[in-house]
There are 2 protein chains.
Amino acid sequence: MKDIARHAGVSQSAVSFALNGRPGVSEGTRDRVRQVAEELGWRPSTAARQLSGEGAATVGFVLARPADTLGVDSFFLQLVSGIQEVLAERHLGLLFQVVEDVDDECAVYRRWWAEHRVDGVLVVDPRTADPRPGLLDELGLPAVVIGGAPDERHPGLSTVWADDAGAMASVVDELYALGHRRIVHIAGLPGLAHTERRIRTLRAEAERRGLSEVESVTTDYSDAEGAAVTRRVLGRPAPPTALIYDNDVMAVAGVATAAELGFSVPAEVSVLSWEDSALCRMVKPWLSALSRDSVEFGRTAARELTALLDGGPARTVRVPVPQVIVRDSTGAARR
Amino acid sequence: MKDIARHAGVSQSAVSFALNGRPGVSEGTRDRVRQVAEELGWRPSTAARQLSGEGAATVGFVLARPADTLGVDSFFLQLVSGIQEVLAERHLGLLFQVVEDVDDECAVYRRWWAEHRVDGVLVVDPRTADPRPGLLDELGLPAVVIGGAPDERHPGLSTVWADDAGAMASVVDELYALGHRRIVHIAGLPGLAHTERRIRTLRAEAERRGLSEVESVTTDYSDAEGAAVTRRVLGRPAPPTALIYDNDVMAVAGVATAAELGFSVPAEVSVLSWEDSALCRMVKPWLSALSRDSVEFGRTAARELTALLDGGPARTVRVPVPQVIVRDSTGAARR
DNA sequence: GCAAGAACCTAATGCGCATTAGCAACTAAT
DNA sequence: ATTAGTTGCTAATGCGCATTAGGTTCTTGC
């Protein structure tokens, strides 16, 4: 800015006024300063800006999962891509960190907060008894919880969520209509809020219809566990006629396992993936799947965060209910 | 720091000396200051530190690809995970951005540089005629090119690369030994340095052996194009007996397509994936694949970058040649 | 024709830290 | 006993920006 001031023949303060749209300089001077700044390729130093009270212009995102389970997962990249789209418009940076578990994640938040490194954070994979909302509330760090159910205990946090319960209900509706009575839900990680929500809803729906042979089994989302559970339940005397997998990876592994065991899909067992991706169209039969717009999900979350950063109120936003895309892996139950 | 100084009964400068291990304070004072800082949960403001010449404590990473091709890709998450591991040790942040294309990527580098937002960057997907190394060299931004071939034109940049040429040569060796003479390489994006390296090497190896029916076809890495190319080449009067796919997604799509066309794998056509992941064990037959340690690749790249940041010389590091993992999708050529 | 105000600009200050210069007390060397 | 050196600290400065307090000229109202 000193350079610009010299080139434009004004004081450094005038430059600041001119470039920040503040009153105090004539339009002529403002234009001249802008032009010089442009020529010099000037950009404000984020550090200096931050030091004079403007915030870090950065948003944090922590992914808590062991390195070895960072496998085939299209959801996060898509989510991040949507987040970026919104952040980039406002020239907000995304500070990204991968850690092992939630405790480490909390430590990262504390550090970021103490170092004034981020203006806010995006939290994913909310859990039952999650320490993170409380911590963020306590630190006063603006945050948006992605995928969490509305949480009245932390009114400072925004929430963006998908209606898993509604989706599960519609899935059960559909399977029931197709004649399925024995259904196994190969769920994801226990303790994750959306896993528990789906499990609870499935149980409620089953009870409502008087179905006794409906259950959920939790896994670690890996193809290995997906296959193992599939093998176990299909080996029963009265195997399920429909399998709901909480992600695409397990669904694909499940189909392969079913085929191996001599079950034809969907004639003998229907398979539904709770995540749509290219994977679902890479196996035969093509997998029916619950489809949601992950990129848009990310955009929504980022928009909520920027709203918070602008001083807006915390809100709870629901994104559209995931829709079932019927392909070739679901059909009428065998009689 | 002012608080700490007051609590410890010393000047603010003494606090700075104490906490940074500088001479100028007695060990007693140092310990006392450390303790107070600990109690107060003090962490230095990165902005202030940066303003006084310490660098941004942040490394940049840009992923240039259209949002819709951000699909099933385990490579990047694993790479990033490895990068993080090394950066986290040094408390370096990772600023992450997704953009549409290389031009946007260059714009991001320019902005980061002007804003002093990052101390260095990691560059992925190097291309033939890539504008990025030149730009980074010009800006003087420390950088490590991941996956690039050694480049003498930009001695300021470090390079971490895998020996694709060597790997391709060993793949051809192996397939040749199995009796394959008609081989199609379903390559990735044209213009990517490693794509071109593999293509060149395949051609050279074919010529050396006098094989005329060996070729490479470039794609966009998508399952759709992988399937389309597979369909086309297997429909020929004399179809290839071996297919080399540049990633796992296309390989899986290719196997499905081959099955659809009535080709049995590996009896009638062998399939090899140039990327190993859970995907390769999610289809039947399990895919033979070239395996590399992406997490370690990331670690190596991050280590090279931190070395550069410490003022070390630019280096070119080769990671181990990917190894062929023989599973069930490759076998002797049908006579 | 003179005071009051507006318009446009400059000087000065602070953000949180690192660093340099400076200063007092004490010790070692001559 | 004086100087030189050392130790342990404080005061002061600067990094690049935003902002507040002044200051000068130019306009307006009476």
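A note on names: the letters A, B, ... follow the listed sequences, proteins ahead of strands, and every chain is numbered from 1. Just so we're clear, the structure is a prediction, and the values are computed from it rather than from any experiment.
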query = Mind checking what makes ring pair (Phe, Tyr, Trp, His ring centres under 6.0 Å) contact with Phe61(A), not counting sequence neighbours?
reply = Phe96(A)
note = So ring pair (Phe, Tyr, Trp, His ring centres under 6.0 Å) across residues 17-45 of chain A, not counting sequence neighbours, yields none
key: For Arg315(A), all residues meeting salt bridge (charged side-chain N to carboxylate O under 4.0 Å, His left out), sequence neighbours excluded   = Glu304(A)
ask   = Should the pair Arg65(B)-Asp101(B) be classified as a salt bridge under the 4.0 Å nitrogen-to-oxygen rule?
value = no
ask   = In terms of the nearest nucleotide of DNA chain D, which residue is placed more toward the 5' end: Val25(B) or His116(B)?
value = Val25(B)
note = Contacts of Arg43(B) meeting salt bridge (charged side-chain N to carboxylate O under 4.0 Å, His left out) (sequence neighbours excluded), chain-then-number -> Glu115(A)
task = Return the set of residues passing salt bridge (charged side-chain N to carboxylate O under 4.0 Å, His left out) with Asp119(B) (not counting sequence neighbours), or none when no residue passes.
result = none
request  = Using the test side chain to side chain contact (heavy atoms under 4.5 Å, CB included), find all partners of Ser11(B) that sit at least two apart in sequence or belong to another chain.
outcome  = Ser13(B), Ala14(B)
Contact boundaries on DNA chain D for chain A, cut-off under 4.0 Å to non-hydrogen atoms = dG16(D) to dT20(D)
message = Taking any heavy-atom pair under 4.0 Å as a contact, classify Gly24(A): base, sugar-phosphate, or nothing.
response = base
request  = Round to the nearest Å and state the distance from Phe17(A) atom CZ to dA11(C) atom P.
outcome  = 13 Å
message = Arg303(A): which residues meet the salt bridge (charged side-chain N to carboxylate O under 4.0 Å, His left out) condition with it, sequence neighbours left out?
response = Glu296(A)
query = For DNA chain D, what residues of residues 37-51 of chain A have any heavy atom nearer than 4.0 Å?
reply = Trp42(A), Arg43(A), Pro44(A), Ser45(A), Ala48(A), Arg49(A), Leu51(A)
inquiry  = Side-chain N or O of Ser13(A) versus OP1/OP2 of dC9(C): is the shortest distance under 4.0 Å?
reply    = no
Axial bend angle, the helix from dG1(C)-dC30(D) to dT30(C)-dA1(D): five-pair end segments, nearest 10° = 60°
message = Check Arg90(A) with Asp310(A), please: is the shortest side-chain N to carboxylate O separation under 4.0 Å?
response = yes
inquiry  = Heavy atoms only, 4.0 Å cut-off, all strands: where does Ser16(B) land among base, sugar-phosphate and nothing?
reply    = base
Please output the side-chain donor-acceptor pairs of residues 139-149 of chain A that fall under 3.5 Å, not counting sequence neighbours, one pair per line with the distance.
none

Qualifying ring pair (Phe, Tyr, Trp, His ring centres under 6.0 Å) pairs, either residue in residues 112-144 of chain B, two or more places apart = none
ask   = Met1(A) or Gly9(B): which one's nearest nucleotide on DNA chain D is closer to the 5' end?
value = Gly9(B)
